[in-house]
2 protein chains.
Amino acid sequence: MATIRDVAQAAGVSVATVSRALNGYPDVSDETRRRIVELARRLNYRPSAAARTLVTRRSYLIGVCLFHHPSQPALTHPFFQKVIVGFHRLVEAQGYDILLFAHADAQPEGTGAAAGPDPGPAPVPGGGAPPGTQALDRRPDRLAGAGPRPTVPAPPAAPAHGADAPSAAGPPARAPRPGAGGARGPARGGSRGSYLKRCQQHRVDGVVLMGTDPDAPGIRELAGSGLPCMAVDLDLVGPRAGYVMSDNVGGAALAVRHLFSLGHRRIAIINGEFNTRPGRDRFIGYRQELARLGLPYRMEYVTQGDFYFDSGYRAMERLLSLPEPPTAVFATSDLMAMGAIKAAQERGLRIGRDLAVVGFDDIDLAALVHPALTTVAQDMEGLGVAAARALLRLIDDPAAAPPAITLPVRLVVRQSCGAPAASGNPTAPQA
Amino acid sequence: MATIRDVAQAAGVSVATVSRALNGYPDVSDETRRRIVELARRLNYRPSAAARTLVTRRSYLIGVCLFHHPSQPALTHPFFQKVIVGFHRLVEAQGYDILLFAHADAQPEGTGAAAGPDPGPAPVPGGGAPPGTQALDRRPDRLAGAGPRPTVPAPPAAPAHGADAPSAAGPPARAPRPGAGGARGPARGGSRGSYLKRCQQHRVDGVVLMGTDPDAPGIRELAGSGLPCMAVDLDLVGPRAGYVMSDNVGGAALAVRHLFSLGHRRIAIINGEFNTRPGRDRFIGYRQELARLGLPYRMEYVTQGDFYFDSGYRAMERLLSLPEPPTAVFATSDLMAMGAIKAAQERGLRIGRDLAVVGFDDIDLAALVHPALTTVAQDMEGLGVAAARALLRLIDDPAAAPPAITLPVRLVVRQSCGAPAASGNPTAPQA
DNA sequence: GTGAAAGCGCTAACAC
DNA sequence: GTGTTAGCGCTTTCAC
């Protein structure tokens, strides 16, 4: 792989000139520049991102942190995909690449060890795994596995590692040996440190967070670290941390009002997780609008899901077995709405006639399923784009105030609510 | 941010010792190591990935290349998500991070300019955009936008850039000026070079490719480059390039045979794109099995989609308007199957009774929709894991033979085919 | 068991 | 306009 030196040599100039020429500085003669550019192409020269990062202190890398729910990888939810697509498009156009961080579960490490301003319910230290005591950041095993570094001391026999997870204050730390290919000791790999740590190692210029609970370990730490940071659907604040989200309260109200206007008076909600901001806000919107419309708030009409299909299905089953089941349901995600619809259909109910359903998100599928879903549409790609734009600002301007952005939503009326759409049959069930 | 030097100083040792201690080399006294580890923690030391990459020539980065169909980002297809999830899990456990590359469209650059062994239909040079003539790799605009480098020559006025896209052999290249914050010239950003180029800049240790056509520009180049490379659902071969895919031929045969065994004789196919390997293979499996079963091959029963929902819908409409429509349909993706079902339902057909449908993939939704989809299940996460495992081998062993892995599939019988499932009503339509 | 020193490939002063 | 030089933060000889 050719280096800048090779190009310089070939062109008969100094490396500085090559750097300048290739980076578009004006103080290079046209003739020289042309020669250099051409030579660089011919030599297949690729400026090393690592070298550049090292010297400029700018990696042009942005971390994307996705929380992987045990069963439901966030990457799998259409909402996040769309957001990522929007985000990616914008930052890539600005010359950034994306580093994908995702965590399979709550992070065992990074429990506020750093200077995070988190007075909240701090996880008890001394609890589970001893915090931050392993030799930092050893690449699990494979560092000296096959590459250079031929002088690996001991042959991979001798499993003398009585304490592979050394404790700082405890017995002498028996360090993991490099290149111990065979003895893949206890539970290495995985959990390679907090998001913050990984971000710092890579010197990412900024981070975007999604699908995670602000109280998940390592999150507040990240937000408090001063690293430019934008969260999606997560009210994260910090010195340089802001967020984007949809108008969830308003959206929920929209849904309820629509249902009301269709004649419904018994309106249930299938809500998302309460430890998420959208979960709380959509519930608030629901409840407020109920009050505004003079409708009673009924505990038994409030069910809880997790934004995914299955939970919608189960919630609907519960609602339908109520002595006085609702005539309309507001599901706070399309996936749950689809689950609810399935449950209702299996009981023989005709969606849009016997039961009205409104979702939230407007994922692609919403328009496609049968019956097509009435839903509160979020601009998902727009959220991604907004997050990207804000993050870029945060990166470029150290003094920029962390933004809290709310994007509007709109109601998309299709069939599942039974509204008089194209086919013009009002079908408003009894109140 | 603390450097290794700070830690060394604090511990009163040399940087070499710190490096050794933190990297788990055995030739450090336990006492020293403990001190160092503790200090590193306290100082919040984070080894710089860039510095490490620079010296070790190993980035512990793996590139994931996704092709973004103009309308349908691959990231959006459930299949790829699952694959990525599996892939990610394994490589992360091995200490790698993932660099997400995705391209919005065919790549305008990298038209075989490098030494790719591609004797195929090479894109005509001198055609569209002049190849590789821009100053390589300028970070679009923003390099000197706000950061250091305060000595930016001209103030951001003077839009004297008559030729912002300089041509090598043409008129004198007017170089893009750094820091021209305001004058965000014509069509910069985006298309930052071929996948290979970006991989090389980041010195990724390996790449995984998915959702792309092997003949897309830059792909063969990548495969031919000698960079460890695994493709998913793509028969890519090269010195260090292999692939994983499901047994698509066998899976299609399975689907057809199942439909046949249910009594169907008029079996149509909604096929995926023919320029993909799964598109071809599933078609081959379909046709072969038809022959084996003694069924005629009918041109009008072959329709073409693109693996996404809409195309299934449209294909089904065509099939249903045939003089003698099929009684069964094999859709080569679940999304298309769902689209087909919708079209059929809208015509008043009862799925499983009037029309049997079998899909391919077994995405989560397949089990959830109503009626639940009978489908050929791929082990999507397994594909990701297999790709990861193979890639890691390719990386670790320069002499490793590039693998071509095929994973088995299985038929999952649910309701959409009308088979006597749980509810035991055989419903085999007329032949 | 530890230290000194030489780079990895690049950018950014500063000279000229 | 161009060259020289000094690092960025790390790993890795080679001494001792």
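Here is how names work: the chains are called A, B, and so on, in the same order as the sequence lines, proteins then strands, and each is numbered from 1.
- Using a 4.0 Å heavy-atom criterion, one finds that A/Thr32 contacts the sugar-phosphate atoms exclusively.
- To the nearest angstrom, C1' of C/dG7 lies 17 Å from CZ of B/Arg52.
- Computed from coordinates, the B/Leu54 CG to D/dC8 P distance equals 13 Å when rounded to whole Å.
- For the pair B/Ala16 and B/Arg203, nearest-nucleotide mapping onto DNA chain C gives the more 5' position to B/Ala16.
- Atom CG in B/Leu22 sits about 13 Å away from atom C1' in D/dT11, given to the nearest Å.
- Looking at which nucleotide of DNA chain C each of A/Ala2 and B/Gly12 is closest to, the 5′-most match is held by B/Gly12.
- At the phosphate of D/dG9, neither OP1 nor OP2 sits under 4.0 Å from any side-chain N or O atom of B/Thr3.
- For the 3.5 Å distance criterion, the side chains of B/Arg42 and B/Asn44 fail to qualify, holding no donor opposite an acceptor.
- Listed nucleotides: C/dG3, C/dC14, C/dC8. Nearest to the side chain of B/Arg20: C/dG3.
- Between B/Ser29 and the phosphate of C/dT2, there is a side-chain N or O to OP1/OP2 separation shorter than 4.0 Å.
- Atom P of nucleotide C/dG9 and atom CD1 of A/Ile4 are separated by 11 Å, given to the nearest angstrom.
- For B/Val55, the side-chain atoms get nearest to D/dG9 when compared with the rest of C/dC10, D/dG9, D/dT4.
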**Asked** Where do A/Tyr45 and A/Asp6 land on the side-chain contact (heavy atoms from CB on, under 4.5 Å) test, with the steps shown first?
**Response** CA-CA 9 Å; A/Tyr45 169 65; A/Asp6 300 327; over 6 Å; no

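- Under a 3.5 Å cut-off, the side chain of A/Asn23 and the backbone N or O of A/Ser19 do form a donor-acceptor pair.
- Nearest nucleotide to the side chain of A/Thr17, out of C/dC10, D/dC8, D/dG3: D/dG3.
- Rounding to whole angstrom units, CG of residue B/Asp30 and C1' of C/dT2 are separated by 15 Å.
- A straight line from NE2 of B/His202 to P of C/dG9 spans 17 Å, rounded to a whole angstrom.
- Closest approach to the B/Ser48 side chain among C/dC10, D/dG3, D/dC10 is made by D/dC10 (side chain taken as heavy atoms from C-beta onward).
- For B/Arg57, whose side chain is taken as the heavy atoms from C-beta onward, the closest listed nucleotide among D/dG3, C/dC8, C/dT11 is C/dC8.
- Relative to the ring axis of A/Tyr60, A/Arg58 places its NZ or CZ within 45° and under 6.0 Å from the centre.
- One atom, CZ of A/Arg35, and another, C1' of D/dG1, lie 12 Å apart when rounded to the nearest Å.
- The shortest distance between side-chain heavy atoms of A/Ile62 and A/Ile395 falls below 4.5 Å.
- Rounded to an integer number of Å, the gap from A/Ile36 CD1 to C/dT11 P is 12 Å.
- Considering only side-chain N and O atoms, B/Ser19 lies under 4.0 angstrom from the phosphate OP1 or OP2 of D/dT11.
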